[in-house]
Protein chains: 2
Amino acid sequence: MTINQDTFTGEYSYSIDAKGRVNIPAKFRQSLAPENDQTFVITRGMDSCIWVYPLTAWQIIEDDLKDLSAISGINRSFIRNTVRYASSVAFDKQGRIMLSANLLDYAQLKNDALIIGMVNKIEIWDPKVLAKVDKQNLEMDSSEYDELADKIIL
Amino acid sequence: MTINQDTFTGEYSYSIDAKGRVNIPAKFRQSLAPENDQTFVITRGMDSCIWVYPLTAWQIIEDDLKDLSAISGINRSFIRNTVRYASSVAFDKQGRIMLSANLLDYAQLKNDALIIGMVNKIEIWDPKVLAKVDKQNLEMDSSEYDELADKIIL
DNA sequence: ATAGATTATGGGTGATTGTGGGTAAACTAT
DNA sequence: ATAGTTTACCCACAATCACCCATAATCTAT
């Protein structure tokens with residue numbers, strides 16, 4: 001019954017309520033390893049979406065950041081921008097997390113959210129934004145996409 | 001419920017009142033380890049911002065300074081400039097700390113402060129100054145920034 | 001098919017947080 | 001010493017959040 005811990009696949013659509021809360025799919029909650037303490041870290045993703053990490057996965061990133069020298073200005077900027085929008089959230093008794101106005105705005109989220117398992121993390125999208133971004137990526141690099149498929153698909 | 005002690009992430013914006021007080025985000029207060037005794041050490045940061053260390057973290061810096069030979073003039077200058085602007089502050093019952101006129105001036109702070117968790121320390125910025133500094137850093141070293149992202153982001 | 005459990009969604013309430021200001025003690029400078 | 005200024009500590013209030021309960025829809029197992 002137990003799949004790989006901290007591994008997420010599949011797509012789910014939920015509504016965002018007036019308080020800014022979204023449900024985390026029950027399957028994702030169950031595959032979150034117990035040492036995460038029901039806690040995720042949410043932050044800005046690289047496209048206009050929200051990234052959701054299991055707490056322990058995020059701590060690996062933090063540990064790497066600690067090793068960067070503070071003398072270099074570019075290092076400081078990198079640390080700042082990586083950590084700046086991140087916050088840890090535990091889901092409530094109903095399995096929801098609260099999204100800050102800042103993140104909702106960044107990901108252009110209104111009432112509906114599409115939650116997608118990305119293997120080691122989770123993405124939260126506005127449906128329309130996702131469609132647009134994916135289309136752009138495919139148009140730009142379709143041959144590279146096919147190469148990847150050739151290497152990886154069984 | 002307990003996250004990593006003395007680890008800070010996220011961005012918060014607060015106002016600086018007429019007395020020079022700023023709020024320390026509740027989350028940061030909670031993740032400050034008890035042996036710090038609700039005390040931070042504030043000093044000049046490397047960019048035009050204020051750096052805020054947990055007391056115990058700062059004590060490690062002081063210990064390292066003690067090991068530097070006082071014979072070397074450059075050592076003495078380094079020690080002097082590292083310690084010169086540092087002072088320890090405990091936050092009041094409302095969770096605020098007082099910033100000296102000297103530090104406020106150095107960081108060009110007026111009415112609004114942006115407080116950013118930088119993993120093992122905290123930065124206090126004027127919003128406009130931060131935008132300018134970050135932009136400069138990115139323009140100068142964008143390729144190095146991308147390399148860092150490639151190495152560290154999961 | 002039915003009963004029981006789980007899930008998704010909405011709302012209520014007390015506690016916490018951010019912010020302003022008041023007052024008395026402590027400190028400075030004449 | 002005294003007047004003026006600064007600091008430490010206290011109280012107050014509005015907004016927000018964490019936590020609880022309720023309900024309808026969906027799933028599970030017999």
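FYI, side chains are in, hydrogens and waters are out, and symmetry mates aren't considered; it's all heavy atoms of this structure. Just so we're clear, the structure is a prediction, and the values are computed from it rather than from any experiment. Lettering of chains follows the sequences in order, A, B, ..., and the numbering in each one begins at 1.
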Does [N] have its OP1 or OP2 closer than 4.0 Å to a side-chain nitrogen or oxygen of [X]?
X       : N      : value
B/Ser15 : C/dG20 : yes
A/Arg21 : D/dT16 : no
A/Lys93 : D/dC19 : no

Take atom [atom1] of [X] and atom [atom2] of [N], then tell me their distance rounded to the nearest Å.
X       : N      : atom1 : atom2 : result
A/Tyr12 : C/dT6  : OH    : C1'   : 14 Å
B/Asp92 : C/dA25 : CG    : P     : 19 Å
B/Met98 : C/dG20 : CE    : P     : 15 Å
A/Asn23 : D/dA24 : CG    : C1'   : 14 Å
A/Gln38 : D/dA18 : CD    : C1'   : 15 Å
A/Lys27 : D/dT26 : NZ    : C1'   : 14 Å
B/Phe91 : C/dG18 : CZ    : C1'   : 14 Å
A/Gln30 : C/dA5  : CD    : C1'   : 13 Å

Margin query: Assuming nearest nucleotide by heavy-atom distance, tell me which of A/Lys19 and A/Gln94 is located more 5' along DNA chain D.
Written below: A/Lys19

Note to self: Please determine whether a side-chain nitrogen of the Lys or Arg among B/Lys135 and B/Glu139 lies less than 4.0 Å from a carboxylate oxygen of the Asp or Glu.
What the structure shows: yes

Margin query: Taking A/Asp6 first and then A/Lys121, would you say they form a salt bridge - that is, a charged N and a carboxylate O separated by under 4.0 Å?
Written below: no

Check: Measuring from B/Glu11:CD to A/Tyr85:OH, what's the distance to the nearest 0.5 Å?
Finding: 5.0 Å

Item checked: Shortest non-hydrogen contact between A/Arg21 and A/Asp17, atoms and distance -> NE-OD2, 2.7 Å

Next item on the list: Could you tell me whether the side chain of A/Arg96 has a donor or acceptor atom within less than 3.5 Å of a complementary atom in the base of C/dG10?
Entry: yes

Next item on the list: Could you check whether B/Asp17 gets within reach of a base, just the sugar-phosphate, or nothing at all, counting any heavy atom under 4.0 Å?
Entry: sugar-phosphate

Item checked: Option from A/Asn75, A/Thr82, A/Leu65, A/Ile79 for which side chain to side chain contact (heavy atoms under 4.5 Å, CB included) with B/Leu148 holds -> A/Asn75

